[in-house]
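Presented below is the structure to which this report refers.
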Amino acid sequence: QDHYFHIATVDNAGNWTSTAHLGPFWIDADDPVISFDSPANGSLLSGSVLLQASASDVGSDLNPLEFSYQKSTDIGFTSLNIDTSAPYEFSWDTTGVFDGNYTLRAAVSDGSGRISWDDIDVTIDNTFPSTSYTTTPPNVTNSDSLYYEGTSTDSSSGIVNVEYRVTNNDTSDVEIDWTAADPADGSFDNELSEDFSFTTDPLADGEYTVESRATDAAGNIESTATHVVTIDTQEPYLSSQTTFSGWYTSDQTSDFTYA
């Protein structure tokens with residue numbers, strides 16, 4: 001709403017000055033309104049994350065909006081970006097900071113100097129989980145189904161999935177694409193350590209690479225744990241032997257060749 005000031009002065013003798021008319025003036029008694037649109041409060045973040053905020057003001061124009069962060073162990077906020085106009089957004093590469101708990105802030109002021117901000121708490125996890133096998137078949141086996149046990153660990157957000165894949169080394173074909181392993185305790189539920197097992201479908205004779213990988217709650221996927229195994233289900237057979245002529249021989253040895 002517009003406001004005007006009308007000012008006149010009088011001296012001790014009762015003489016008035018002419019009236020000065022000043023205005024219009026806009027009185028802004030309202031703080032700007034601001035909110036984080038993305039990410040959500042309590043989110044797990046990794047890699048590049050789009051920060052988005054909304055801001056408005058009914059009293060006066062908005063000044064540029066600032067995104068900033070504060071690690072839980074730090075004092076004060078570090079500026080990330082200043083956006084001069086809507087839509088207010090910034091792509092933040094979280095690999096530039098350490099893993100841990102952070103407060104994100106979106107702050108804005110209006111033309112009258114009133115300041116508002118919105119804070120959210122997030123956790124950054126850019127560390128890959130790790131998987132190792134604890135039980136594997138022999139490097140050469142006569143079983144066409146392969147059984148594995150292993151353990152996946154994560155330092156921050158916890159394990160949410162473990163998968164395996166089988167590749168035929170002789171043909172480079174993927175015989176079994178990424179398939180969920182079986183959690184030992186019934187579910188992969190964000191624990192920092194998860195045991196798992198799996199048994200492959202029957203495979204033909206040949207050499208195979210069996211890979212396993214874990215995914216954590218922040219979406220980090222490890223490179224893989226691997227094991228190379230050869231399946232050989234064929235029985236050996238007699239391909240040649242030394243033959244004798246007659247009923248008797250003075251040679252007490254015989255030669256046999258198996259394949």
Side-chain angles (χ1 to χ4, degrees), residues 35-53 67-78 80 89-106 118-137 146-167 174 176-201 209-229:
S35 63
F36 250 110
D37 297 329
S38 179
N41 186 51
S43 293
L44 282 168
L45 308 181
S46 64
S48 293
V49 178
L50 185 63
L51 308 183
Q52 296 177 303
F67 291 106
S68 58
Y69 72 87
Q70 180 187 51
K71 198 173 189 301
S72 59
T73 56
D74 293 343
I75 298 175
F77 282 78
T78 299
L80 284 170
E89 58 185 31
F90 173 67
S91 181
W92 181 28
D93 182 7
T94 64
T95 62
V97 297
F98 292 109
D99 287 1
N101 297 320
Y102 288 80
T103 297
L104 291 178
R105 172 170 290 180
D118 187 26
D119 290 349
I120 61 172
D121 294 322
V122 298
T123 299
I124 293 175
D125 177 9
N126 285 302
T127 301
F128 293 142
S130 177
T131 293
S132 60
Y133 291 129
T134 56
T135 299
T136 65
L146 306 175
Y147 176 75
Y148 287 82
E149 294 180 355
T151 300
S152 295
T153 59
D154 188 60
S155 61
S156 181
S157 56
I159 303 297
V160 296
N161 191 33
V162 178
E163 314 171 278
Y164 68 92
R165 179 174 68 178
V166 180
T167 302
V174 175
I176 301 175
D177 210 351
W178 292 113
T179 302
D182 299 317
D185 63 357
S187 63
F188 297 120
D189 50 3
N190 298 67
E191 294 184 15
L192 298 182
S193 179
E194 290 277 9
D195 294 330
F196 66 90
S197 65
F198 61 87
T199 301
T200 70
D201 291 336
T209 296
V210 181
E211 304 168 279
S212 293
R213 67 182 185 184
T215 304
D216 66 18
N220 300 301
I221 303 176
E222 69 171 310
S223 54
T224 58
T226 62
H227 178 242
V228 177
V229 58

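In this chain, numbering begins with 1 at the start of the sequence shown. Just so you know, these numbers come straight off a predicted model, no measurement behind them.
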Looking at side-chain heavy atoms only, is the closest gap between [X] and [Y] below 4.5 Å?
X    : Y    : value
F90  : L80  : yes
D182 : F196 : no
Y147 : P137 : no
I120 : P39  : yes
F67  : F77  : no
T134 : T151 : yes
D185 : D189 : yes
E211 : T167 : yes

### Residue among T123, D125, L45 satisfying side-chain contact (heavy atoms from CB on, under 4.5 Å) with D99
D125
### Message
Rounded to the nearest 0.5 Å, what separates atom OG in S91 from atom CG in L51?
### Response
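Output value for this atom pair is 8.0 Å.
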### T78 side, atom OG1; Q70 side, atom CD - distance, nearest 0.5 Å
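CD of Q70 is found 8.5 Å from OG1 of T78.
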### Query
With distance as the sole test, does N126 use its side chain to make a donor-acceptor pair with the main-chain N or O of T94 at under 3.5 Å?
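A pair under 3.5 Å: yes.
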### Message
Main chain of D177, side chain of T179: is a donor-acceptor contact present, judged purely on distance under 3.5 Å?
### Response
yes
### Task
Please check if any side-chain donor atom of D121 sits under 3.5 Å from a side-chain acceptor atom of T103, or the reverse.
yes
For [X] versus [Y], what's the shortest heavy-atom pair and its separation?
X    : Y    : value
A106 : A53  : CB-CB, 4.0 Å
A218 : S157 : N-OG, 3.4 Å
S193 : T153 : OG-CG2, 3.8 Å
S152 : V162 : OG-CG2, 3.6 Å
Y164 : S212 : CB-OG, 3.9 Å
I159 : E194 : CB-CG, 3.7 Å

### Query
For residues 212-226, which residue pairs qualify under salt bridge (Lys or Arg N to Asp or Glu O under 4.0 Å), counting only residues two or more places apart or in two chains?
E163-R213
### Message
Less than 6.0 angstrom separating the ring centers of W92 and Y69, yes or no?
### Response
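Aromatic pair counts; centres sit under 6.0 Å.
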### Mutual orientation of the aromatic rings belonging to Y148 and F198 [parallel < 30°, tilted 30-60°, perpendicular > 60°]
parallel
### Message
Please list all pairs meeting side chain to side chain donor-acceptor pair (under 3.5 Å) that have one or both residues in residues 41-53, counting only residues at least two apart or in different chains.
### Response
Q52-E89
### Task
Could you check N190 against V160 for side-chain contact (heavy atoms from CB on, under 4.5 Å), going step by step and ending with a plain yes or no?
CA-CA 5 Å; N190 298 67; V160 296; 3.8 Å; yes
